[in-house]
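The structure appears below as structure tokens.
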Amino acid sequence: MISKSSLLSEPASPAHICPFDQACSYLEAAAKELNLNQGLLEILSHPRKVVTVSIPVKLDDGEIQVLAGHRVQHSDVLGPYKGGIRFHPAVTLREVSALAMLMTWKCALLGIPYGGGKGGIAIDPKRYSVGELERISRRYISELIKDIGPSVDIPAPDMGTSAREMAWMMDTYSVNVGHAVPGVVTGKPLSIGGSLGREMATGRGTMIIVREALADQGKSLAGVRVAIQGFGNVGGAAAELLYEAGAKIIAVSTGAGGIFSEVGLDIPKLKVYAAENHKSIVGFPQSVPISNADLLTLPCDVLIPAALENQITEENVNQVQARIVAEAANGPVTLEANLALEARGVTVLPDILANAGGVVVSYLEWVQGLSYVFWDEERVNREMEHLMVQAYRKVIHQSEVRQISLRLAAYTLGVGRVAQALTDRGLYP
């Protein structure tokens, strides 16, 4: 068993499954399969560095508010820390620590030279003005100035942040060091060193992994019935690309609710509708309302949870009718629900594979930024697809050779590579 670090001893909410404990459970399963010893497991289970900073901000009405900002750096044995910064009310140190650990395994699985990091501030960005968000973003990155950099830790957008916040953060860092440093963050606007293809990257990666899984079952995307929980950057991109490939998108949802159409939704028209209605999709013509909970249990070929964690649990797993579940979100299927799906023969495409397209294109953006040579979108998408398909094939091979689930296969590949690097570098005593 993994001993829990005192740094992460804050209590988990009783209403939710603790993401850090779940991440440790997957690590333990991989370590057991790989026959890693307890000492190495202890090293892998603890983040190398945990930084919490105070962020004083003056609001537009003159009030002073002090926020807490976190940055967890799990492992840099393979390269600089890499991971998003999220602005969301549910951000906790345990959640950020879990996501940093998952990013370590994800980067190792994809074969890119990064370790895992993650950051966040527990705020609802909708409650702050643009000016307030800029001051928060700039002060947060200023407090972390000694802990980030293009060869140290490279943040990226996540829930509640976007290219706008990355631009502010890059500018703040660049002003502090005295020259422009485009490689300090990824997910930036194109005008300051961002990469073509980044906006659609995570959804594109999910589409590619679903396509490959269907091909292994002798099927194509044409006519496949797909339900997607989430219609933001990830779910919306996946819906658009799957629709273009001929899939029938029967349902999508946002936090405010979802819509369903037995004959399939017209995704291009839906995106226009959402843009004209403040991102709301409810009321879209030729559709009926559906709850997020009901969307997960629709009869479909492919279910893509692309919103929050812990959406498929022991309580609803028996109602899930999809034959493929692709985790476009981080941790949308709990450990117990995952075991139940596997026992029924459902193909679960794990998050560290299915949603890795974003970090792959972040890596490609970083490479372009360091070299000051920028590629066209076709090349970016081609390079990303190559890495995604290669990783998928490795997971399939590992699953078949070891006779284990796709999730455990993905984790053994990621964890195994990091463990080997620790040993080879002499960092394991």
Side-chain angles (χ1 to χ4, degrees), residues 5-13 18-20 23 46-60 63-76 80-104 115-150 152-177 181 184-188 308-309 330 359 362:
S5 168
S6 59
L7 288 170
L8 304 174
S9 60
E10 63 183 46
S13 167
C18 175
F20 185 71
H46 289 77
R48 185 172 182 192
K49 194 172 192 179
V50 177
V51 182
T52 298
V53 297
S54 292
I55 306 167
V57 57
K58 187 174 184 179
L59 304 182
D60 292 344
E63 177 189 351
I64 300 296
Q65 195 173 79
V66 180
L67 307 170
H70 305 299
R71 186 68 181 176
V72 175
Q73 297 170 333
H74 177 258
S75 172
D76 65 347
Y81 304 104
K82 185 80 186 80
I85 293 172
R86 60 176 49 182
F87 290 176
H88 191 274
V91 165
T92 66
L93 187 55
R94 292 180 71 87
E95 178 199 42
V96 173
S97 299
L99 294 170
M101 182 187 292
L102 293 181
M103 185 61 79
T104 296
K118 205 75 172 184
I121 305 173
I123 60 170
D124 181 353
K126 296 176 184 176
R127 295 180 175 272
Y128 291 83
S129 69
V130 172
E132 290 167 342
L133 288 172
E134 180 174 358
R135 293 193 288 277
I136 291 168
S137 300
R138 289 182 180 276
R139 185 57 184 256
Y140 171 71
I141 220 69
S142 292
E143 295 292 341
L144 294 174
I145 206 77
K146 296 180 180 179
D147 297 296
I148 64 169
V152 180
D153 185 351
I154 307 137
D158 202 283
M159 291 174 59
T161 58
S162 66
R164 180 184 65 182
E165 284 75 16
M166 294 305 105
W168 293 332
M169 292 179 186
M170 175 198 160
D171 181 66
T172 302
Y173 183 89
S174 298
V175 167
N176 272 271
V177 300
V181 187
V184 69
V185 296
T186 59
K188 305 178 296 296
L308 297 172
E309 67 273 2
N330 287 310
V359 73
S362 280

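Index from 1, following the sequence. Treat the numbers as computed from the prediction; the structure is a model and nothing was measured.
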Distance-minimising heavy-atom pair for [X] and [Y]:
{"X": "Ser174", "Y": "Val181", "answer": "OG-N, 3.0 Å"}
{"X": "Pro80", "Y": "Pro150", "answer": "CG-O, 4.2 Å"}
{"X": "Ser362", "Y": "Ala156", "answer": "OG-CB, 4.3 Å"}
{"X": "Val72", "Y": "Pro47", "answer": "CG1-CB, 3.6 Å"}
{"X": "Pro125", "Y": "Phe87", "answer": "CD-O, 3.4 Å"}
{"X": "Gln65", "Y": "Tyr128", "answer": "OE1-OH, 2.5 Å"}

* Structure fact -> Sequence neighbours excluded, the answer for salt bridge (Lys or Arg N to Asp or Glu O under 4.0 Å) partners of Arg48 is Asp76
* Considering residues at least two apart in sequence or located in another chain, which fulfil the salt bridge (Lys or Arg N to Asp or Glu O under 4.0 Å) criterion with Arg86? -> Glu95, Asp158
To the nearest 0.5 Å, what is the distance between [atom1] ([X]) and [atom2] ([Y])?
{"X": "Arg139", "Y": "Glu134", "atom1": "CZ", "atom2": "CD", "result": "14.5 Å"}
{"X": "Phe20", "Y": "Thr92", "atom1": "CZ", "atom2": "OG1", "result": "11.0 Å"}
{"X": "Ile148", "Y": "Thr172", "atom1": "CD1", "atom2": "OG1", "result": "9.0 Å"}
{"X": "Lys188", "Y": "Met170", "atom1": "NZ", "atom2": "CE", "result": "6.5 Å"}
{"X": "Gln73", "Y": "Thr104", "atom1": "CD", "atom2": "OG1", "result": "10.5 Å"}
{"X": "Leu99", "Y": "Asn330", "atom1": "CG", "atom2": "CG", "result": "5.0 Å"}

* To do: Could you walk me through whether Arg71 and Asp147 pass side chain to side chain contact (heavy atoms under 4.5 Å, CB included), step by step?
  => CA-CA 9 Å; Arg71 186 68 181 176; Asp147 297 296; over 6 Å; no
* To do: Tell me, with the steps shown, if His70 and Val50 meet side chain to side chain contact (heavy atoms under 4.5 Å, CB included).
  => CA-CA 8 Å; His70 305 299; Val50 177; over 6 Å; no
* Asked: Hey, mind stepping through Val51 and Glu143 against side chain to side chain contact (heavy atoms under 4.5 Å, CB included) and telling me if it holds?
  -> CA-CA 10 Å; Val51 182; Glu143 295 292 341; over 6 Å; no
* **Contacts of type side chain to side chain contact (heavy atoms under 4.5 Å, CB included), residue Val152, not counting sequence neighbours** => none
* Answer yes or no: is there a side-chain heavy-atom contact under 4.5 Å between Leu133 and Trp168? => yes
* Side chain proximity check, Val185 to Tyr173, heavy atoms < 4.5 angstrom -> no
* Asked: Going through the distances and angles, do Asp60 and Arg135 end up as a salt bridge (charged side-chain N to carboxylate O under 4.0 Å, His left out)?
  -> CA-CA 11 Å; Asp60 292 344; Arg135 293 193 288 277; 2.8 Å; yes
* Asked: Is a side-chain donor-acceptor pair under 3.5 Å present for Ser162 with Glu165?
  -> yes
* side chain to side chain contact (heavy atoms under 4.5 Å, CB included) between Val91 and Ile121, intermediate numbers included -> CA-CA 6 Å; Val91 165; Ile121 305 173; over 6 Å; no
